[in-house]
Amino acid sequence: MRCVIVTGVSRGLGAALARALLDHGVTVLGVGRSSAAGLGGDRYRFASCDLADVAGIDAALAPAFGSLAGLAPRFACLVNNAATAEPVGLVPMLDGESIARSLAVNLSAPIALCALFLRAFADPAVERRIVNVSSGAARSAIAGASLYCTAKAGLEMLTRVLAAENHDPGFRAVSLRPGVIDTDMQATMRGQTETSLPGVAMFRRFLADGRLATPEDAAERIVDRVVLGDPANGATYAWPDLDRAIE
Ligand SMILES: NC(=O)c1ccc[n+]([C@@H]2O[C@H](COP(=O)([O-])OP(=O)(O)OC[C@H]3O[C@@H](n4cnc5c(N)ncnc54)[C@H](OP(=O)(O)O)[C@@H]3O)[C@@H](O)[C@H]2O)c1
């Protein structure tokens, strides 16, 4: 059997990825504060975890990861999808508590999840894969989105370090920039003031120009090409051409 762990399955891309994977016959472990209502069935499990509590991740998730490994899958994948775009604001507007929380969810938690995943699925005979859901923001400096940009840049470096540490032929770590998708995260960006997000007009144009993909369309292609496809270890893939690595 094949199993995939997806974080952030309450809504948006993560919920659609979990649904698409279930439709492909994969066993899915959803991780997050809640699970989307439509997710269920024999092959679906859910483990509750607030990813802002990085120190609590091992205790919260080790049993669920271990029980999945106990099913002796031939393919195991972790999709670090959960993220927050908040707080939005120029650097002087940020406070320590929200800085720590944002970086915890977007960067520290994915690292802790990779660590737990690699300990739970330590057998190199198992085909192992880590998909870090990044963003064009890893490269583009967006005024007002310093924490999000910084975390996504860090996440892409994490992918490259994982590839440098793991050379088994069955191991792949990849970064995925999924393009612009019609989710709550886009709505959060569109709803900002120009004081917090000087380039807010770009996010409003994404919607007005019909550029947003549906989560379902994005998920189907991401599952087919990246999660269950044949990506290269350490590479970065960007929507819409998921067949060719950009880096
Ligand atoms: N939408 C886009 O246009 C776009 C563009 C580029 C990259 N991305 C990336 O795609 C991924 C999915 O984004 P999305 O648009 O689907 O975002 P979304 O609609 O805002 O959903 C975010 C998901 O992350 C979860 N999450 C946030 N904070 C959490 C926490 N503390 N603990 C556990 N789970 C938490 C949310 O769960 P709760 O319901 O519990 O908050 C939700 O399930 C993200 O990595 C994002 O950076 C999105």
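Note that ligands are numbered from 1 as they come in the structure, with each ligand's atoms numbered from 1 the same way. Just so it is clear, the structure is predicted and the values come from calculations on it, not from any experiment.
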Which pairs would a plain distance check flag for residues 169-176, meaning a side-chain donor or acceptor within less than 3.5 Å of a matching protein atom at least two apart in sequence or in another chain?
{"unit_1": "Arg172", "atom_1": "NH1", "unit_2": "Asp230", "atom_2": "OD1", "d": "2.9"}
{"unit_1": "Arg172", "atom_1": "NH1", "unit_2": "Pro231", "atom_2": "O", "d": "2.6"}
{"unit_1": "Arg172", "atom_1": "NH2", "unit_2": "Asp230", "atom_2": "OD1", "d": "3.2"}
{"unit_1": "Ser175", "atom_1": "OG", "unit_2": "Thr159", "atom_2": "OG1", "d": "2.8"}

Gly8 neighbourhood, listing ligand 1 atoms whose heavy-atom distance to it stays under 4.0 Å
24 (O), 25 (C), 43 (O)

State if Gly179 counts as touching ligand 1 under the rule of any non-hydrogen atom under 4.0 Å.
yes

Going by the atom numbers of ligand 1, which of them fall below 4.0 Å from some non-hydrogen atom of Ser10?
36 (C), 37 (O), 38 (P), 39 (O), 42 (C), 43 (O)

Atom 26 (N) of ligand 1 [closest protein heavy-atom partner, distance rounded to 0.1 Å]:
Ala82 CB, 4.0 Å

If you scan protein heavy atoms around atom 16 (O) of ligand 1, the nearest is Leu13 N, 2.8 Å

Which protein heavy atom lies closest to atom 12 (C) of ligand 1, and at what distance to 0.1 Å?
Asn81 OD1, 3.1 Å

Side chains of Val31 and Leu61, heavy atoms from C-beta outward: is any pair under 4.5 Å?
yes

Value for CZ (Phe121) from SG (Cys77), rounded to nearest 0.5 Å, stands at 10.0 Å

May I ask you to decide if the ring planes of Phe117 and Phe65 are parallel, tilted or perpendicular, using 30° and 60° as cut-offs?
perpendicular

For atom 7 (C) of ligand 1, the closest protein heavy atom turns out to be Ser134 O, 3.2 Å

A side-chain contact here means heavy atoms from C-beta on lying under 4.5 Å apart; do Glu86 and Thr188 qualify?
yes

Rounded to the nearest 0.5 Å, the CZ atom of Arg160 sits from the CG atom of Leu162 at a distance of 12.0 Å

Please list, in number order, the atoms of ligand 1 under 4.0 Å from a heavy atom of Ile181.
1 (N), 2 (C), 3 (O)

With the side chain counted from C-beta on, respond yes when Arg177 and Trp239 share a heavy-atom pair under 4.5 Å apart, and no when they do not.
no

Among Thr84, Leu51, Ile222, the residue with a heavy atom nearest to atom 32 (N) of ligand 1 is Leu51

Mind running side-chain contact (heavy atoms from CB on, under 4.5 Å) on His24 and Glu220 for me, showing each step along the way?
CA-CA 10 Å; His24 278 75; Glu220 188 53 47; 3.1 Å; yes

Under 4.0 Å, heavy atoms only, figure out whether ligand 1 is touched by the backbone of Ala85, its side chain, both or neither.
neither

Which bit of Cys49 is near ligand 1, meaning a heavy atom under 4.0 Å away: side chain, backbone, both or neither?
backbone

Gln186 vs Ile181 side-chain heavy atoms within contact, under 4.5 Å
no

Near Gly12 (heavy-atom distance under 4.0 Å), the atoms of ligand 1 are 16 (O), 19 (O)

If you measure from each non-hydrogen atom of Val105 to ligand 1, which part falls under 4.0 Å: side chain, backbone, both or neither?
side chain

If we number the atoms of ligand 1 from 1 as shown, the ones under 4.0 Å from a heavy atom of Asp184 are 19 (O)

Would you please determine whether Phe206 falls within less than 4.0 Å of ligand 1 on a heavy-atom basis?
no

Quick one: look up the protein heavy atom nearest atom 31 (N) of ligand 1 and list residue, atom name and how far away it is.
Asp50 OD1, 2.8 Å

Do you see a donor-acceptor pair shorter than 3.5 Å between the side chains of Tyr44 and Thr27?
no

What salt bridge (Lys or Arg N to Asp or Glu O under 4.0 Å) pairs are there with at least one residue in residues 133-147, not counting sequence neighbours?
Arg139-Glu247

Hey, is Arg244 close enough to Asp241 for a salt bridge, meaning N to O under 4.0 Å?
yes

Using a 4.0 Å heavy-atom cut-off, say whether Lys152 meets ligand 1 through its side chain, its backbone, both or neither.
side chain

What protein heavy atom is closest to atom 48 (C) of ligand 1, reported as residue, atom name and distance in Å?
Met185 SD, 4.1 Å

Check each atom of ligand 1 against the heavy atoms of Ser135 and keep those under 4.0 Å away; list them by number with element.
6 (C), 7 (C)

Heavy atom of the protein closest to atom 21 (O) of ligand 1 (residue, atom name, distance)
Arg11 NH1, 3.9 Å

What protein heavy atom lies closest to atom 40 (O) of ligand 1? Include the residue and the distance to one decimal.
Arg33 NE, 2.9 Å

So, 4.0 Å and heavy atoms of Val180: is ligand 1 close enough to count as a contact?
yes

Asp23 with Arg19: basic N within carboxylate O range, under 4.0 Å:
yes

So, do Asn106 and Thr84 sit near enough that their side-chain heavy atoms are less than 4.5 Å apart?
yes

Which ligand 1 atoms, with their elements, are less than 4.0 angstrom from a heavy-atom of Ala83?
22 (C), 24 (O), 27 (C), 44 (C), 45 (O), 47 (O)

Taking only heavy atoms of Ala52 into account, list the atoms of ligand 1 that are under 4.0 Å away from them.
31 (N)

